[in-house]
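The basis for the numbers below is simple: all heavy atoms, side chains too, and nothing from hydrogens, waters or symmetry mates. These numbers come from a predicted model, not from an experiment.
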Amino acid sequence: MKRTHRLGRGKDLNLLFTRGLRFHSPLFHVSVRAEPRSDSGTSRFVFVVPRSVDKRAVVRNRLRRRAREYIRRRMAVLPGASDIAITIKKEAAVVNRRDFYVELQNLLARL
């Protein structure tokens, strides 16, 4: 994913978690802020996989890579100019890849 589509740590992330709209699904929590602070005109993403999902970094990184790749391939159809944080729940570690992608697609369609 390009650097312009990444949301780093700091004030933007705090604003997103405190003032953003929240959506939930069985596998994900999503926070969205439609008025981002950046002037780039593109959506920015951050993927959060807490240690409570799995203690092994390999598993957490795999989940993060799956979500990042899904977003990268569908960047053109996603809502523009918004900050989006996707927090992956513990249940996502045990589902297969197809169910993971279907659930992420359904959740992003609600945006």
- prompt: Does a side-chain N-to-carboxylate-O contact under 4.0 Å join Arg33 and Asp83?
  reply: no
query: Taking only residues two or more places apart in sequence, or in another chain, which ones meet Phe17 in a ring-ring contact (aromatic ring centres under 6.0 Å, His included)?
result: none
Check: His24 main-chain N/O paired with Arg110 side-chain donor or acceptor under 3.5 Å: yes
query: What heavy-atom pair brings Ala93 and Val53 nearest, and what distance separates the two atoms?
result: CB-CG1, 4.1 Å
task: State, to 0.1 Å, how close Ser31 and Leu16 come at their nearest heavy-atom pair, and which atoms those are.
output: O-CD1, 3.6 Å
field: Neighbour count above 12 (heavy atom, 6.0 Å) for Arg74 CZ
entry: yes
query: What are the two closest heavy atoms between Leu63 and Ala92, and how far apart are they?
result: CD2-O, 3.6 Å
- prompt: Is there side-chain contact between Val49 and Val59, with at least one heavy-atom pair below 4.5 Å?
  reply: no
task: Name all residues meeting the side chain to side chain contact (heavy atoms under 4.5 Å, CB included) criterion together with Arg51; count only those two or more places apart in sequence or in a different chain, and write none if there are none.
output: Arg60
message: I need the minimum non-hydrogen distance between Glu103 and Ser25, along with the two atoms involved.
response: OE2-CB, 3.1 Å
- request: Measure centre to centre between the rings of Phe47 and Tyr70, then say whether the value is under 6.0 Å.
  value: no
message: Looking at Glu69 and Arg65, is any side-chain nitrogen of the basic one under 4.0 Å from a carboxylate oxygen of the acidic one?
response: no
message: Do Phe45 and Leu21 land in one hydrophobic cluster if side-chain heavy atoms of ILVMFWY residues count as linked below 4.5 Å?
response: yes
task: Indicate the atoms forming the closest heavy-atom contact of Glu91 with Pro26, along with that distance.
output: OE1-O, 3.6 Å
- request: Could you tell me whether the side chain of Leu27 reaches within less than 4.5 Å of the side chain of Val95, counting heavy atoms only?
  value: yes
query: Do Ile84 and Ile86 come within less than 4.5 Å of each other through their side chains, counting heavy atoms only?
result: yes
- request: Kindly indicate whether the side chain of Ser52, heavy atoms from C-beta on, has any atom under 4.5 Å from the side chain of Lys90.
  value: no
